[in-house]
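I have placed the structure first, in the form of structure tokens, so that the comments after it can refer back to it.
Sequence lines set the chain letters: A, B, ... in the order given, protein chains first and strands last, and positions in each chain run from 1.
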Amino acid sequence: MKAIHRTLVASAIAFGMAPSVQAQELIVGFTRDADTLDPANHRNRETETIIRNIYDGVLTRSSDMQIHPEVAESFTQVSATVYDFTIRPGITFHDGSALTVEDVKFTLDRVVLEGGMGGGQSSPRASLMGPVESIEILDESTLRITLSEPWPLLPAMLPHQQIVSQAHVEAIGADGMATQAMGAGPFRLAEWRRGDSVILERFDAYYGGATGIPEAGPACVERVIFQVIPESASRVAALLSGDVHLINELPPHSMNQVNNSPNAQVMTVNGTRSFFLALNNEGEIFNDVRVRQAVAHAIDRDLIIDRILSGTATPIDGILSPDAFGKNHDLPAYDYNPERARALLAEAGYPDGITVTLDTEGALRDTAEAIASLLTNAGITTRVQVGESTLLTQKWRTQGGPKEGDIYLTSWGNSTLDPFDIFVPTHRTNDRGNAAGYSNPELDALLDEAAVELDRARRGEMYQQAEAMVNADLPYVYLWVPQDIYGVSTRLSNWSPSPDSRINLHRACLD
Amino acid sequence: MTLTRLLERLLQLIPVLLGVSVIVFVMMALTPGDPIQIMIGDQIVTAEQEAQMRRDIGLDRPMVERFFVFLGNAIQFDFGQSFYHRRPVADVILERLPATIELTIVAMLIALVTAIPLGVLAAVRKNSIFDRIATVGGLLGVSLPGFWFGILLLMLFAVHLNILPVAGRINYGISQGITPYTHFLLIDTLLNGRLDAFRNALAHIILPAVTLGLPMTAILMRVTRTAMLEVLRTDYVTFAQAKGLSRQRILWRHALKNALIPTVSVAAIETGSLLGGNMIIETVFGWPGLGRLVVESIFVRNYPLVQAAVLLYAVIYVMLNFFADILYTILNPRVKL
């Protein structure tokens, strides 16, 4: 065996594959390629993760989800609908030209104006900017954003927009922007090999990024490569072999393998996605809160988290992540108690139990099967039905249309960790993500009020109250927030995962 | 093989492509799922903004109108804009095509080079231990799921032995300064006289090509073996033996040439399915090919891209069959097109 190994290694060296010493090349094994490199022309999380290393935003988030001014020096909320941003002087784009307040206005106009992309096209990211009425330049360093109605989410959402150079966009047009990235971020684009990799090189004149996050200055590594490896087993293989230094979406079942390897380790962070069972509140069975409570009591969440998710999730008793603003930390939990579930069913008029179908997508089949067997064990005979996610979306998220089905195992993301963009879509009457078909005018009124409340403390209290309401009413059975799992090389330092799943590599170093 | 026949063949493409366009358009349009909803995902949007997004990619217009617009443009080789890449579909596809073709050809070559000699040997030594091993090996080759076998190879060669890379086509550093004449890296590196880069590209393509070629190897070996057994029983082989020709000469010159006809036709058809089968291998090995792009596009209902790609597959299929026909005439002059 040794001889074979030696021969193979020899032939590897002949192939030019021997491990080379490239300390300054940080390679990320990444699930998918960018759709485009134009920051204003996509609706894709992974695309933004890559773009974010080339372009900086007006504001940014640190890995603890705090908002920091980035291209802006500071910002103030002048009134309920008016925000002023002071743009930092001395920032240059990769081509050496200065970043001005005009560039910032141009960038944001491009996103919010109808037809702003040119050629009659509008930016698919417009809705991420909220109800913007106007963007004005007050003086050579101040920009004012005026909203048509109060929207406290603006600072939390602004990190989703990255600043482009007006001159560059006008020179190459929207089509050129898709492939020729040129920003003011820590890395400049060296080459984009479509479907294969995005290769970035350190921008030596980088101003250093947000002052609120320590150790500003040009990036630590000379080159960053986002290498596309869609299959998770292959990403793990690439990490273990040393081909890459950082991988995202490490499957929980590979955590031990990575931790046992001498050159890599697992890093986790609470994600921002809440998982839950949508119970069809419009249906005959689940319009009774006792039946909904029976489902909650029938599920042993700790067991599923431990056995299926390898302990990488935090249980929740309301829709919000434990890390979210406005989280109610005093919600009563529905403990695992199959006897109680049976009793509740009997009370609701189902002494012999009920028979239901549980819809879910293929990726969640294991979890769904486990939930089904726990439910069945408590008198809720459950059959799992796996469907494609787009079909399930159409079936369940009917926005008020008639709904068929009993239970739907699904999730909703909350990248800002602000309750607004998860609570409203999933719980407000007929809203986009309201798979349960839940309607509670009292809650609707509270959510509407909270959406425009400017007193932060008061707003937080309102969401705590809202969570208490849904915890009691239980339109959904709230399950858990999974952690995002990354595999990192032991050579990588000064990087930590961020709940919003961005991979900012400005400060990351390789030894 | 005449020029008229060639033209005729090309003209036959037209109804095929028209039929394929109708089918693929209707199938995509009837598949449930809304590209806009997929695009928005969990994020905030107003009804107005949603309608604007729909208008921007032309999905607000009725299906029949969309079909004729698609057809009218397709005739001029304009397949529209990819919903997600926001660039012309033709560009997006053509960028990814060379990687797929290169991988397919290498897989095919590996399959042919191993399958034909093994098939001949198995036929000559019928019922021997070798034949049995080859039969069992063939069965395994056809039945092993590609993604599983690929990951097994990765664990062995990339992780444990650490001699081959996991993903991609070539290392960035080593690929600098190579002029892309053909966009096939194995050829471009050689044309640039860059042996180091050639070796690197070869190291990247070996595992995916072997994984992709394995089932094909197994099938071709079985076909060659069966055809060879039949030919070896024919009169002219017996006659050649009677004439006292050497066994090698009979096998490789006389018998194999005829036995190859079914192999060639199966190989041509299988090459078409290799192009389709690529998607799994491309996913496992992070190979930047077309297969993966098409599958991703189907999942997110990227209609224009899927339509154009399916049309392309249809053209390639037809051309491969045509190519097989030409090969017949070379292998057996009695066959006329």
Side-chain angles (χ1 to χ4, degrees), chain A residues 5 8-9 11-12 14-17 19-20 22 25 29 32-33 35-36 38 41-44 114 121-122 124 126-128 130 174-175 178-179 191 193-197 199 225 227-231 233-234 237-238 240-244 388 390-391 393-394 412-414 421-422 425 432-433, chain B residues 32-34 37-46 49-50 52-53 55-56 82 84-88 92 95-96 99 147 150-151 154-155 157-159 161-169 171-174 196-197 199-200 202-203 282-289 292-293 296 299-301:
Chain A
H5 186 265
L8 285 168
V9 169
S11 51
F15 266 124
M17 284 312 303
S20 50
Q22 283 180 314
E25 187 172 271
R32 85 196 275 291
D33 195 13
D35 284 340
T36 167
D38 184 343
N41 215 1
H42 69 92
R43 263 318 261 253
N44 178 264
E114 203 178 314
Q121 299 273 302
S122 306
S127 58
L128 304 179
D175 288 350
T179 55
E191 191 181 342
R193 300 178 164 175
R194 253 75 90 196
D196 182 305
S197 49
I199 298 125
I225 297 179
Q227 178 75 49
V228 181
I229 312 177
E231 166 58 42
S234 310
L240 296 180
S241 71
D243 279 13
V244 305
E388 203 206 359
T390 42
L391 300 185
T393 302
Q394 271 189 340
W412 197 271
N414 182 212
D421 69 345
I422 185 167
R432 281 186 62 236
Chain B
D34 176 11
Q37 288 297 332
I38 298 170
M39 228 178 272
I40 298 167
D42 298 346
Q43 291 168 320
I44 313 155
V45 72
T46 65
Q49 285 160 336
E50 200 180 317
Q52 174 70 44
M53 287 173 77
R55 265 199 305 282
D56 276 344
S82 161
Y84 294 84
H85 306 89
R86 307 268 164 164
R87 286 188 294 134
V92 177
E95 283 164 4
R96 303 286 282 265
F147 64 89
I151 287 170
L154 279 183
M155 291 317 285
F157 289 101
V159 179
L161 300 173
N162 205 359
I163 51 174
L164 291 173
V166 173
R169 289 179 79 190
N171 285 0
Y172 175 73
I174 217 161
D196 57 334
R199 280 196 295 263
N200 189 271
L202 193 61
E282 287 178 1
T283 302
V284 170
F285 292 97
W287 190 261
R292 209 175 81 208
L293 179 74
E296 285 164 3
F299 279 126
V300 295
R301 307 285 185 271

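- For B/Phe147, no part lies under 4.5 angstrom from a heavy atom of chain A.
- Heavy atoms only, all atoms of each residue included: B/Pro165 and A/Asp243 are closest at CA-OD2, 3.3 Å.
- Contact count against chain B (heavy-atom pairs under 4.5 Å) is highest for A/Arg194 among A/Arg32, A/Arg194, A/Glu231, A/His42.
- Remark: B/Arg87 engages B/Glu95 in a salt bridge (Lys or Arg N to Asp or Glu O under 4.0 Å) (not counting sequence neighbours).
- Ion pairing between a basic and an acidic side chain is recognised when a charged N comes within 4.0 Å of a carboxylate O; B/Glu50 and A/Arg43 show no such pairing.
- For B/Arg96, the part lying near chain A is the side chain, with the backbone staying farther off; criterion is any non-hydrogen pair under 4.5 Å.
- Smallest separation of non-hydrogen atoms from A/Asn41 and A/Thr36: O-CG2, 3.5 Å.
- Put simply, of B/Met155, B/Arg169, B/Arg86, B/Glu296, the one with the most heavy-atom pairs under 4.5 Å next to chain A is B/Arg86.
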Report task. Dump the intermediate steps for side chain to side chain contact (heavy atoms under 4.5 Å, CB included) on A/Arg432 and B/Gln37, then the final yes or no. Result -> CA-CA 10 Å; A/Arg432 281 186 62 236; B/Gln37 288 297 332; 3.5 Å; yes
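- Heavy atoms closer than 4.5 Å to chain B are found nowhere in A/Ser197, neither backbone nor side chain.
- If you tally non-hydrogen atom pairs under 4.5 Å between each of A/Leu240, A/Val228, A/Ile225 and chain B, the highest count goes to A/Val228.
- Contact annotation for B/Leu293: neither backbone nor side-chain heavy atoms come within less than 4.5 Å of a heavy atom of chain A.
- Counting only heavy atoms from C-beta outward, the side chains of B/Tyr172 and A/Asp196 never approach each other to under 4.5 Å.
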Query - CA sep, side-chain torsions, deciding dist, call: B/Leu154, B/Phe285, side chain to side chain contact (heavy atoms under 4.5 Å, CB included) - result: CA-CA 9 Å; B/Leu154 279 183; B/Phe285 292 97; 3.6 Å; yes
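- Both the backbone and the side chain of A/Asp421 come within contact range of chain B, each with at least one heavy atom under 4.5 Å from a heavy atom of that chain.
- When each of B/Ala197, B/Gly286, B/Pro288 is checked for heavy-atom pairs under 4.5 Å with chain A, B/Pro288 comes out on top.
- With a threshold of 4.5 angstrom between heavy atoms, A/Gln121 approaches chain B through its backbone and through its side chain.
- Using a 4.5 Å cut-off between heavy atoms, B/Met39 touches chain A through backbone and side chain atoms alike.
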Requested in this report: Please report the C-alpha distance between A/Glu114 and B/Arg55 in whole Å, then the side-chain angles of each, then the deciding distance to 0.1 Å, and finally whether the side chain to side chain contact (heavy atoms under 4.5 Å, CB included) criterion is met.
Outcome: CA-CA 11 Å; A/Glu114 203 178 314; B/Arg55 265 199 305 282; 4.2 Å; yes
